Amino acid sequence: MRLRFGSVIALCICVAGCSSEKLFPSEKGTVVYLGSQKPALSDDPAQTRTVWNKSNSISWSVSDGVQVLARRNGAWLDSSAASGSDGGDFLISPTVVEKDTAVMNFAVPPRFLADSSGSWKFYAVYPPSCLLNTQMSDNNSFAFRIPTRQIPLSKATGHSFDPDADVLIGNTGDIAALEDGKSYPLYWERLVAHLCVNIKDVAFSDDEVLKSIKLVANNSATLSGSFSYNVSSGAVTAVNAADSVIVESVRGNLVCTGGKIDDVWFSVLPQTITSLKVVITSDRAVYTKSWSSLSLDLKKNSRNTLSISMDKADKQGATPDTPEDPYYTMVSDTTFAVNIPAMNL
């Protein structure tokens, strides 16, 4: 199913009693669900799809989940469902995806709903791992990260970005009162831009093994790291950001064949880049090439494409590549096009 996308994706939130599914029949009192098709990226700039394959199908993947934030009668709720004067607490939804599915219902943590009266507004954040703190940093903001080191996915159906780097924030809008069986629209917005890079003229020997690819932007750029999101204005502010991002080769997700490395996905903060350095590391050498005077506009909800040639790249002996992301953890999960004109460098 294809969903029209403007600045947000319409999903829905459903109170227990929905005819389609009853996830917690033993629960007493009001139980609220966040149910949806996953936000999407596609070849159409007016649409967006999260995981792309050749059939353009989408799904929630095994182990996917969301963090939930609740506001009742205009006040944020903390983890005990009390009103928090300095902002609310995120609680993880008790629902985890057990198999790939196009539609999934995530339960709002029951602790928030001890008293379901009054007016409400719910927020959800995906993936849960992007949050740096489950407590809001102030009455309007929370801290999140875009990983500096990413592990893109590779399936038989095609390559895709690291799901842990696909940062999404959604909200329901104001709900005057919760009603059994009523569905509420939930709107998602991506906080990242996706860049798909195709590389040619890489001077690898036949048995040379690709280890990682690093992008370094102009000094004023903030591609990855930690940021603050203001839920009132939608503004994103850099806290401890880096001008670089690295994708790593794990279990054959990145391969150099005939001097080409195709469909390499990066998730970065949306912005315009004016200079770029590409660093390709193998088991034998480091290949570096730089470009200046660029105008590479990285838009969210689009498959931004870039084609580069590493012809005449500088070649140096390999050196250990140490993590730059203080929150970096190596996770390998081997379980994607909105089109804008490609730039050739």
Side-chain angles (χ1 to χ4, degrees), residues 5 7-13 32-41 48 50-51 60-61 63-72 76-79 84 86-97 104-113 120-147 150 161-173 175 184-194 224-239 241 267-270 300-301 327 329 331:
F5 189 96
S7 60
V8 292
I9 290 284
L11 312 177
C12 68
I13 163 175
V32 178
Y33 302 102
L34 306 177
S36 76
Q37 286 137 336
K38 202 169 188 179
L41 275 175
T48 180
T50 293
V51 178
W60 290 97
S61 299
S63 79
D64 273 350
V66 296
Q67 292 268 12
V68 179
L69 191 66
R71 193 164 193 161
R72 178 175 174 268
W76 296 110
L77 299 185
D78 65 18
S79 58
D86 297 324
D89 291 339
F90 282 93
L91 292 178
I92 190 74
S93 168
T95 310
V96 177
V97 179
M104 187 66 199
N105 289 313
F106 294 99
V108 169
R111 209 182 312 172
F112 281 148
L113 302 172
W120 291 82
K121 188 172 185 177
F122 294 101
Y123 293 80
V125 171
Y126 171 88
S129 61
C130 77
L131 290 178
L132 295 180
N133 197 316
T134 56
Q135 186 175 41
M136 296 179 71
S137 51
D138 57 44
N139 199 40
N140 285 303
S141 305
F142 65 85
F144 72 95
R145 73 177 181 115
I146 302 173
Q150 302 174 10
F161 46 78
D162 184 340
D164 284 337
D166 187 28
V167 182
L168 298 146
I169 172 70
N171 76 84
T172 60
I175 303 170
Y184 302 96
L186 175 68
Y187 299 93
W188 286 100
E189 180 184 5
R190 268 193 172 83
L191 302 186
V192 298
H194 296 300
S224 62
S226 61
F227 303 87
S228 177
Y229 178 82
N230 187 295
V231 297
S232 297
S233 67
V236 175
T237 304
V239 176
S267 297
V268 298
L269 191 73
K300 60 185 176 182
N301 306 318
Y327 309 104
T329 301
V331 178

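No experiment lies behind these values; they were computed from the predicted model shown.
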Hey, what do you get for [atom1] ([X]) to [atom2] ([Y]), rounding to the nearest 0.5 Å?
{"X": "D166", "Y": "Q150", "atom1": "CG", "atom2": "CD", "value": "10.0 Å"}
{"X": "N133", "Y": "S226", "atom1": "CG", "atom2": "OG", "value": "12.0 Å"}
{"X": "L131", "Y": "Y126", "atom1": "CG", "atom2": "OH", "value": "13.0 Å"}
{"X": "N171", "Y": "F122", "atom1": "CG", "atom2": "CZ", "value": "12.0 Å"}
{"X": "Q67", "Y": "T134", "atom1": "CD", "atom2": "OG1", "value": "7.0 Å"}
{"X": "D89", "Y": "W76", "atom1": "CG", "atom2": "CH2", "value": "11.5 Å"}

Measuring only between side-chain heavy atoms, which start at C-beta, is [X] closer than 4.5 Å to [Y]?
{"X": "V236", "Y": "L269", "value": "yes"}
{"X": "C130", "Y": "V125", "value": "yes"}
{"X": "T172", "Y": "W120", "value": "no"}
{"X": "H194", "Y": "V192", "value": "yes"}

side-chain contact (heavy atoms from CB on, under 4.5 Å) filter on A143, not counting sequence neighbours, yields L132
Taking all non-hydrogen atoms of both residues into account, name the closest pair between [X] and [Y] and its distance.
{"X": "S267", "Y": "F161", "answer": "OG-CB, 3.9 Å"}
{"X": "K300", "Y": "R190", "answer": "CD-O, 3.2 Å"}
{"X": "V268", "Y": "I146", "answer": "C-CD1, 4.1 Å"}
{"X": "K121", "Y": "G173", "answer": "CG-O, 3.3 Å"}
{"X": "F112", "Y": "D78", "answer": "CE2-O, 3.6 Å"}
{"X": "P163", "Y": "P127", "answer": "O-CG, 3.8 Å"}

Practice problem: Tell me, with the steps shown, if L191 and I169 meet side-chain contact (heavy atoms from CB on, under 4.5 Å). | Solution: CA-CA 7 Å; L191 302 186; I169 172 70; 3.6 Å; yes
With sequence neighbours left out, the residues meeting salt bridge (Lys or Arg N to Asp or Glu O under 4.0 Å) with R72 are D115
(message) Please determine whether side-chain contact (heavy atoms from CB on, under 4.5 Å) holds for the pair L91 and S79, giving the CA-CA distance in whole Å, both sets of side-chain angles, and the decisive distance to 0.1 Å.
(response) CA-CA 7 Å; L91 292 178; S79 58; 4.0 Å; yes
*Aromatic rings F142 and F90: how do their planes relate, parallel, tilted or perpendicular, breaks at 30° and 60°?*
perpendicular
Residues at least two apart in sequence or cross-chain that pass side-chain hydrogen bond (donor to acceptor under 3.5 Å, both in side chains) with S228, listed by chain then number, are none
